[in-house]
Amino acid sequence: MNVINKFLSSSVDEATSDVNISVNENDVQYINNIFASFNRSCPNLRILPKYRRNQIWTVKSQYVDFEGEIQTSKHKMIVLLISEPEELSEEISFVRVCPLSPFVDMASSNELICDNAALVGFPFIVETWNEQPLLTEILDKYVGDYCCEIHESSEELSKDQQTFREIEISNARFLNQSIIAYTNEMERADYFSFSVDFMSDSKVRTIHMPKLNVQSPTLIPLTGHAEYAMAARSGNILTDNDCIEIDSVDVPFHIEVRKKNNEYILTIIPKVDVKLSSNGKAFDYRSNDERIVYSGLKKGLYDIESPLTSKKITIRLK
C-alpha cells in the first residue's frame with residue numbers, strides 16, 4: 001500500500017505520538033520531509049472569533065458525544081468551514097466543513113490545492129469530495145481564513161488516489177458522529193427532564209432524570225454506561241428539588257445537579273478549592289461552610305478543576 005495510505009489507515013498514540021504502522025526507514029523519512037520545512041503556530045487568542053464561512057479550524061482529537069460516548073480521531077484534523085453556522089437549539093449549532101490534507105502528492109488533476117504554506121504551515125488539499133457536518137463544539141483552535149470556490153467535478157483516479165479518498169472519508173466519520181449522536185439523543189430526550197454526562201479518567205457515566213412532577217414517569221430501557229438518577233428509584237414523585245448525584249472514586253468531592261426554570265444548578269460538597277469553566281470562561285459561585293453552588297448554568301460542556309485531583313473532569317448538562 002502507498003505509504004501515505006498506510007499512515008492514514010493507522011492510529012497515532014496521543015500519549016507517545018507513536019504511529020503504529022509497518023514501514024521502512026525511507027517511508028518514515030518521506031512522511032517527515034513533507035512537514036520538515038513548515039512551522040506555524042495557531043494564533044494565541046484570548047477570545048475566539050465567531051464561527052463563519054471560509055475559516056480554518058483545528059478539531060478536538062477527542063470529544064464526548066451527545067450519547068455519552070468518547071470519540072477519538074486517528075490523526076489530528078484541520079477543516080475549512082464552507083457554510084455559516086446553523087442553530088439546532090439555543091445552545092447547539094452545526095456547520096459544514098471540508099477536511100484539509102497535507103498530502104498534496106495524492107491530489108488529482110482537478111483537486112483544489114493551496115500552495116501557500118504560510119497559511120496553516122504546509123500546502124494542503126481542500127477535500128471537496130469529503131464534505132461533512134459537525135457540531136461547532138468539537139472545533140478547537142482558530143487557524144486563519146481561506147476563501148475558495150467549492151465545486152464538484154468528475155475525474156479518473158489512480159488506485160492509490162481512490163484508496164486515499166476512501167480512507168479519508170472513513171476517518172471523517174469522526175466529525176459527523178457529533179451530529180448523529182445529537183440526533184439520536186434528541187429522539188430520546190422527551191423521556192427525560194434532564195441528563196448529565198460525567199467523564200473522568202476517560203470513563204463516562206450518563207445519568208438521566210425522568211420527567212418531574214409525574215406520578216409514574218416512563219422509564220425507557222437504558223444500555224451501556226447509562227443509568228437513572230438515584231432519586232428515580234425511590235418510587236416517589238420527582239420534583240425540581242430532586243437531583244442527579246455523582247460520586248466517583250476518582251473525584252474527592254460529591255456533585256449534585258438540579259434543573260430549575262430551564263437553568264441548571266451544580267453543587268459541590270464539601271467546600272473545596274475548585275474551578276468550573278466552559279470554553280475558557282470561569283464561573284462565579286456562592287458558598288457556605290459546607291458547599292459550593294454554581295447557579296444559572298445552561299446546557300453545554302463544563303470542566304471542573306481542583307488541586308485535590310490530577311484527573312480531568314468534564315460534565316455535559318443536557
Side-chain angles (χ1 to χ4, degrees), residues 8 11 14 48-101 125-143 146 148 150 152 165-192 194-199 202 204-208 220 222-226 264 278-279 298-303 314-318:
L8 293 172
S11 298
E14 285 286 327
L48 292 176
K50 292 184 177 180
Y51 305 116
R52 57 182 173 79
R53 185 180 179 185
N54 297 325
Q55 289 178 336
I56 297 174
W57 287 75
T58 62
V59 179
K60 295 175 182 177
S61 295
Q62 186 180 87
Y63 67 89
V64 180
D65 69 24
F66 263 81
E67 293 183 290
E69 299 288 347
I70 298 175
Q71 302 296 331
T72 304
S73 64
K74 285 187 173 183
H75 304 284
K76 298 286 187 180
M77 299 190 74
I78 185 169
V79 297
L80 173 68
L81 278 56
I82 62 169
S83 73
E84 300 296 335
E86 296 183 43
E87 289 189 354
L88 293 171
S89 67
E90 184 178 349
E91 302 86 7
I92 302 298
S93 62
F94 81 98
V95 68
R96 303 196 70 85
V97 304
C98 288
L100 305 183
S101 171
I125 301 170
V126 180
E127 296 182 353
T128 57
W129 36 265
N130 196 10
E131 179 183 330
Q132 303 286 343
L134 57 74
L135 294 185
T136 55
E137 68 174 36
I138 74 170
L139 295 174
D140 190 17
K141 295 179 180 178
Y142 168 73
V143 179
Y146 178 65
C148 61
I150 304 297
E152 295 184 6
R165 292 192 177 191
E166 291 171 356
I167 294 170
E168 284 290 83
I169 291 170
S170 177
N171 288 343
R173 292 173 184 167
F174 167 79
L175 304 176
N176 64 41
Q177 174 59 29
S178 63
I179 293 284
I180 294 171
Y182 175 83
T183 302
N184 291 342
E185 182 65 18
M186 291 306 101
E187 291 176 353
R188 294 191 295 265
D190 288 342
Y191 293 101
F192 312 126
F194 65 101
S195 304
V196 176
D197 292 327
F198 171 81
M199 183 174 74
S202 297
V204 180
R205 291 172 61 195
T206 298
I207 308 174
H208 300 289
I220 63 172
L222 302 177
T223 59
H225 55 258
Y264 297 83
S278 179
N279 292 323
K298 302 295 186 181
K299 294 179 181 178
L301 286 168
Y302 296 85
D303 294 317
T314 301
I315 63 171
R316 183 195 293 277
L317 306 179
K318 59 184 184 181

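Every value quoted in this text rests on a predicted model; they were computed, and no experiment measured them.
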Which atom names give the shortest non-hydrogen contact between [X] and [Y], and what distance separates them?
| X | Y | answer |
| --- | --- | --- |
| Phe66 | Asp197 | O-OD2, 4.2 Å |
| Leu139 | Lys60 | O-CE, 3.8 Å |
| Val95 | Ser83 | CG2-O, 3.1 Å |

### For Arg52, side-chain hydrogen bond (donor to acceptor under 3.5 Å, both in side chains) partners two or more places apart
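Result, side-chain hydrogen bond (donor to acceptor under 3.5 Å, both in side chains) vs Arg52: Asp145.
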Side-chain donor-acceptor contacts of residues 177-184 below 3.5 Å, not counting sequence neighbours, with atom names and distances?
residue: Gln177; atom: NE2; partner: Asp65; partner atom: OD2; Å: 3.3
residue: Ser178; atom: OG; partner: Leu135; partner atom: N; Å: 3.1
residue: Ser178; atom: OG; partner: Leu175; partner atom: O; Å: 2.7
residue: Thr183; atom: OG1; partner: Ile179; partner atom: O; Å: 3.0
residue: Asn184; atom: ND2; partner: Ile180; partner atom: O; Å: 3.4

### Task
Examine Tyr63 together with Phe174 and report whether their ring centres are nearer than 6.0 Å.
yes
### Query
Do Leu100 and Val79 have side chains that get closer than 4.5 Å, going by heavy atoms?
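SC-SC contact between Leu100 and Val79 ruled out.
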### Message
With a 4.5 Å cut-off on side-chain heavy atoms, are Ile78 and Val59 touching?
### Response
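They are not in side-chain contact.
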### Task
To the nearest 0.5 Å, tell me how far Met77 CE sits from Asn171 CG.
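Met77 CE to Asn171 CG: 6.5 Å, rounded to 0.5 Å.
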#### Entry: Results of ring pair (Phe, Tyr, Trp, His ring centres under 6.0 Å) for Phe198 - residues two or more places apart only
none
### Message
Using the side chain to side chain contact (heavy atoms under 4.5 Å, CB included) definition, which of the options Ile169, Asn176, Ile82 pairs with Glu131?
### Response
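One option only clears the test, and that one is Ile82.
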Would you tell me whether [X] and [Y] have side-chain atoms, one donor and one acceptor, within less than 3.5 Å of each other?
| X | Y | result |
| --- | --- | --- |
| Thr72 | Gln62 | yes |
| Trp57 | Gln55 | yes |
| Thr58 | Lys76 | no |

### Parallel, tilted or perpendicular: rings of Phe194 and Tyr264 (30°, 60°)
perpendicular
